[in-house]
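In listed order, ligands and their atoms are each counted from 1. Worth knowing before you read on, the calculation uses all heavy atoms, side chains too, and leaves out hydrogens, waters and symmetry mates. Quick caveat: nothing in here was measured; it's all calculated off a predicted structure.
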Amino acid sequence: MPVPIIVDCDPGHDDALAIMLAAGDPAVDLLAITTVAGNQTLAKTTLNARRVCTVAGITDVPIAAGCTKPLVQALSVADDVHGPSGLDGPRFPEPTVDVVAEHAVDLMHRILTGHPEPVTLVPTGPLTNIALLLTRHPDAASRIREIVLMGGSTERGNRTPAAEFNVQADPEAADIVFRSGVQVTMCGLNVTHQALATADVVARFEALDTDLGRICAELLTFFASTYRRLWGFRAPPLHDPVAVARVIDPTIVHCVDANVVVELNGRYTRGATVVDLHQYTGRPVNAQVALTLDTGPFWDRMVAAVTSLGARPSR
Ligand code: BDR
Ligand code: CA
């Protein structure tokens with residue numbers, strides 16, 4: 001039986017491919033896409049989710065817009081990484097799929113309480129919507145099978161020397177999620193930096209010879225230019241699909257148990273995830289922490305998902 005999931009995202013190049021993986025892989029049942037401000041403003045990330053669903057033929061999954069800003073601090077977008085649109089590179093047609101009228105948190109709550117089985121949440125942006133869900137609807141926690149998130153790092157950051165973007169963008173929200181008691185799996189930079197979209201990977205999308213394959217190649221080519229310019233990477237890391245892949249096949253993403261806390265006060269380290277991989281602190285395990293990615297099956301599943309979506313008749 002496919003695992004029921006909700007992807008909560010801020011598209012974003014890698015979020016776009018996470019949506020495609022979630023919609024195109026038969027091991028998961030994508031119940032909803034919810035959006036949050038992060039890589040860009042909420043208006044732009046929501047427009048981008050509609051654009052992605054339109055070009056990927058994802059017409060039967062509700063999209064709901066969520067929080068416009070972090071819980072405490074001001075919004076600071078990543079236009080240096082994803083461009084002014086949040087999804088620079090390809091030319092997108094006018095979207096033909098719309099958002100539902102409900103707030104993302106209300107839609108998540110309704111799905112969680114109405115679905116026959118517990119549902120897995122896959123956040124790939126700042127954790128604002130998820131934190132609001134957990135604080136506003138404590139009854140929802142028992143309906144969440146697990147939260148498998150892209151965020152944090154066992155090592156250094158990519159927004160500050162210490163902090164990764166999704167956690168640094170809303171540290172108070174991340175703190176609520178890691179302290180919630182819900183089963184959390186953290187796919188941080190240490191593992192997503194293994195998902196490098198090399199020229200060979202881009203060529204696999206081009207070789208599909210479909211409009212969607214070409215759009216993926218264009219997204220990755222833009223992302224490659226960003227990562228080369230900002231960080232000197234030889235190929236861009238496709239962070240967000242790693243979290244989806246962990247749900248699709250847990251053997252693709254190897255994890256260990258650890259305690260994770262979010263630094264809220266550090267003078268130079270606010271937003272860092274402090275991951276106790278060696279049980280120094282005696283604090284209890286509250287997360288599974290991803291350490292290694294099996295890149296062969298990861299890219300095979302990613303390309304297969306885009307292949308199956310590209311083959312769908314547009315409705
Ligand atoms: C995360 O930050 C965003 O820019 C990406 O979409 C990803 O979710 C990586 O740090
Ligand atoms: Ca993201």
Side-chain angles (χ1 to χ4, degrees), residues 6-22 33-42 44-49 51-52 65-67 70 75-89 104 121-130 147-171 173-174 177 185-197 216 219-220 222-227 229-231 233 235-246 253 262 271-273 275 290 293 302:
I6 297 172
V7 171
D8 182 66
C9 57
D10 61 339
H13 294 72
D14 49 338
D15 303 82
L17 275 93
I19 290 172
M20 293 179 211
L21 181 58
I33 298 164
T34 50
T35 58
V36 66
N39 283 325
Q40 259 299 348
T41 61
L42 182 71
K44 290 185 181 180
T45 59
T46 306
L47 173 62
N48 290 342
R51 285 175 163 155
V52 170
C67 296
L75 177 66
S76 168
V77 300
D79 49 357
D80 52 338
V81 181
H82 298 274
S85 75
L87 205 52
D88 275 25
L121 304 183
V122 186
T124 63
L127 290 154
T128 322
N129 288 341
I130 310 295
I147 297 173
V148 182
L149 62 91
M150 190 283 132
S153 177
T154 62
E155 298 161 2
R156 291 169 65 84
N158 64 352
R159 192 62 171 176
T160 73
E164 180 277 335
F165 177 79
N166 287 340
V167 175
Q168 195 269 346
D170 194 343
V177 169
T185 298
M186 174 183 125
C187 300
L189 295 179
N190 57 289
V191 71
T192 65
H193 281 183
Q194 297 165 40
L196 295 175
C216 289
L219 286 169
L220 293 175
F222 179 88
F223 215 35
S225 67
T226 290
Y227 266 83
R229 178 171 47 81
L230 293 178
W231 289 289
F233 273 46
L238 202 62
H239 309 279
D240 294 337
V242 174
V244 180
R246 167 69 185 177
V253 184
V262 178
T273 45
V275 182
L293 176 71
M302 189 66 248

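Annotation: F223 is in aromatic contact with H82 [ring centroid separation under 6.0 Å]. Here F233 and H193 bring their ring centres to under 6.0 angstrom of each other.
For N48 (side chain) and P11 (main-chain N/O), a donor-acceptor pair under 3.5 Å exists by modelled atom type. The closest donor-acceptor contact from the side chain of Q40 to the backbone of G86 lies at 3.5 Å or more, if one exists at all. A donor-acceptor pair under 3.5 Å links the side-chain atoms of T273 to the main chain of S153, judged by distance alone.
Near N166, with a cut-off below 4.0 Å to any heavy atom, the atoms of ligand 1 are 1 (C), 2 (O), 7 (C), 8 (O). Applying the 4.0 Å criterion to heavy atoms of E164 picks out, from ligand 1, the atoms 1 (C), 2 (O), 9 (C), 10 (O). Of all atoms in ligand 1, numbered sequentially from 1 with element shown, those under 4.0 Å from a heavy atom of N158 are 9 (C), 10 (O).
For the 3.5 Å distance criterion, the side chains of S85 and D88 qualify, holding a donor opposite an acceptor. Side-chain atoms of D15 and T124 form a donor-acceptor pair, as typed in the model, at a separation below 3.5 Å.
In T192, neither the side chain nor the backbone holds a heavy atom less than 4.0 Å from any atom of ligand 1. At a heavy-atom distance under 4.0 Å, only backbone atoms of T124 (N, CA, C or O) approach ligand 1. Residue V81 does not touch ligand 1, judged by heavy-atom distances below 4.0 Å. With a heavy-atom cut-off of 4.0 Å, H82 touches ligand 1 through its side chain alone.
Looking only at N/O/S atoms, D240 comes nearest to the Ca ion (ligand 2) through OD2. Counting just the N/O/S atoms of D10, the one with the shortest distance to the Ca ion (ligand 2) is named OD1.
Regarding atom 2 (O) of ligand 1, its nearest protein heavy-atom neighbour is F165 CD2, 3.4 Å. Looking from atom 4 (O) of ligand 1 to the surrounding protein, the closest heavy atom is N39 OD1, 2.7 Å. When hydrogens are left out, the protein atom nearest atom 5 (C) of ligand 1 is D14 OD2, 3.2 Å; that is the closest non-hydrogen contact. D240 OD1, 2.6 Å is the protein heavy atom nearest to atom 8 (O) of ligand 1.
For the pair D80 and R159, the salt-bridge criterion is met [side-chain N within less than 4.0 Å of a carboxylate O].
Nearest approach of P123 to L127, heavy atoms of both residues: CB-CD2, 3.5 Å.
Residue M150: no N/O/S atom is found under 3.0 Å from the Ca ion (ligand 2).
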